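Here's the structure, in structure tokens; my notes come after.
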Protein chains: 2
Amino acid sequence: MYTIGEVSKMFNLPISTLRYYDKEGLLNDVDRDSSGIRKFNDKTIEALRVIECLKKSGMQIKEIKEFMHWCTMGDKTLLKRKEMFIRQKEHIEQEIKELENALEMIKYKCWYYDEAIKDGNEKRVKNITPKQMPDHIKKYFEHTHK
Amino acid sequence: MYTIGEVSKMFNLPISTLRYYDKEGLLNDVDRDSSGIRKFNDKTIEALRVIECLKKSGMQIKEIKEFMHWCTMGDKTLLKRKEMFIRQKEHIEQEIKELENALEMIKYKCWYYDEAIKDGNEKRVKNITPKQMPDHIKKYFEHTHK
DNA sequence: TCTTGACCTAAAGTTAGGTTTATGTATTAA
DNA sequence: TTAATACATAAACCTAACTTTAGGTCAAGA
């Protein structure tokens, strides 16, 4: 059993955020002691791990709440839950692709400014055509500048 | 030269967003015709490509504005601009790592629910230890459940 | 006994990044 | 001439996800 302060440190999340998640129904009825103080157990800890991951995958609080509710409803929601994870898997894979594309452009720009700084100005590098670029830079450029 | 409606279609961005970016100073003084209508040129188009990419890399509007302002200040800001792209490169690489971690957990959950659905309930799969998992699943589990 | 620290609540406040609304202008097609 | 379209502005509005505030409880140590 853990207090809210301990969990806050474990996850590096503000106490106010944990109370907010609880209030929003993401933590499925946290136990309380006789004076109303939250006692988090291992199931809540596991729920928080899942929450962090679903948040990272782009899911909203209210959708996470819905999922957490399914978890309390037993086997009849197994399929829904699986389908939800499959959707989030696709979502996150798409997001990684988009980030990798943005990264290409950023790497091109790093090269561009490197060259410009060598010359003291952008005149030369601004006019370099893809053909004149080093191969690994050409690759970045062509992805992101059509 | 393009109208705001054309640019909106090119980038699949609402017209209101383009006007908002202009107002916030992300587009460095867009040209206007004699009756005040915006005429976007190729420099603005390129700026928009950079904006989309910087936004994807997690940069805020006001930081992008600052960068765009540096671009109007000539060669003395080349180093700042390069350093900015290097920071965003690191930021986006970190973000990709975190998404890949979340993806591991999600893949584990996909497997978990697959097994549960085969059995009709979670009883068996809930008690599978990492040692009993298929190797490619074990890998997902161990990253994300310690 | 007093004070410190960790917990509690409800309600108001905050922030970013737009979006919507109300109103107006200019051009074109019927 | 009228109606539809595409543009313009300023200002108000919106949403998600927290965070802060104001006020209170409770247990432990000096």
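Small disclaimer: the values here were computed from a predicted structure and weren't measured. Labels below follow one simple rule: chain letters A, B, ... track the order of the sequence lines, proteins then strands, and each chain is numbered from 1.
Classification of B/Lys89 and A/Glu104 as a salt-bridged pair fails, no side-chain N sitting under 4.0 Å from a carboxylate O. By the 4.0 Å N-to-carboxylate-O rule, B/Glu46 lies close enough to B/Arg49 to be salt-bridged with it. Ion pairing of B/Arg32 with B/Asp22 is present here, as a side-chain N (NZ or NE/NH1/NH2) and a carboxylate O approach within less than 4.0 Å. Salt-bridge annotation for A/Asp31 and A/Lys39: absent, with no side-chain N of the basic residue lying under 4.0 Å from a carboxylate O of the acidic one.
The shortest non-hydrogen separation linking B/Leu79 to A/Ile117 is CA-CD1, 3.7 Å. When all heavy atoms are compared, the tightest approach of B/Gly5 to B/Ile15 is CA-CD1, 4.1 Å. Here the shortest heavy-atom pairing between B/Phe11 and B/Ile45 reads CZ-O, 3.5 Å.
Applying the side chain to side chain donor-acceptor pair (under 3.5 Å) rule to A/Arg81 yields the partners A/Thr77, B/Tyr113, B/Glu122; only residues at least two apart in sequence or on another chain are considered.
Between the side chain of B/Asn127 and the backbone N or O of B/Lys123 there is at least one donor-acceptor pair closer than 3.5 Å.
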Stepwise ring pair (Phe, Tyr, Trp, His ring centres under 6.0 Å) test for A/Tyr108 and B/Phe85
CA-CA 10 Å; A/Tyr108 165 74; B/Phe85 276 108; 9.3 Å; no
Can you give each donor-acceptor pair under 3.5 Å made by side-chain atoms of residues 52-62 of chain A, sequence neighbours left out, with the distance rounded to 0.1 Å?
residue : atom : partner : partner atom : Å
A/Lys56 : NZ   : B/Glu98 : OE1          : 2.5
A/Ser57 : OG   : A/Leu54 : O            : 2.9
A/Ser57 : OG   : A/Gln88 : NE2          : 2.9

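Checked by atom type, the side-chain pair B/Tyr2/B/Asn41 shows no donor-acceptor distance below 3.5 Å.
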Report each atom pair, protein N/O against N/O of nucleotides 23-29 of chain D, whose distance is under 3.5 angstrom.
none

Short N/O separations, protein against nucleotides 4-7 of chain D, under 3.5 angstrom:
residue : atom : partner : partner atom : Å
D/dC7   : OP1  : B/Thr3  : OG1          : 2.9
D/dC7   : OP1  : B/Gly5  : N            : 3.3

Between N or O atoms, less than 3.5 Å apart, protein on one side and nucleotides 11-17 of chain D on the other: list the pairs.
residue : atom : partner : partner atom : Å
D/dA16  : OP1  : A/Lys62 : NZ           : 3.2
D/dA17  : OP2  : A/Ile61 : N            : 3.3

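In summary, contact between chain A and DNA chain C, defined as any nucleotide atom under 4.0 Å from a heavy atom of the protein, begins and ends at C/dC7 to C/dT9 in the 5' to 3' direction.
Here A/Ser16 lies in heavy-atom contact (under 4.0 Å) with a base.
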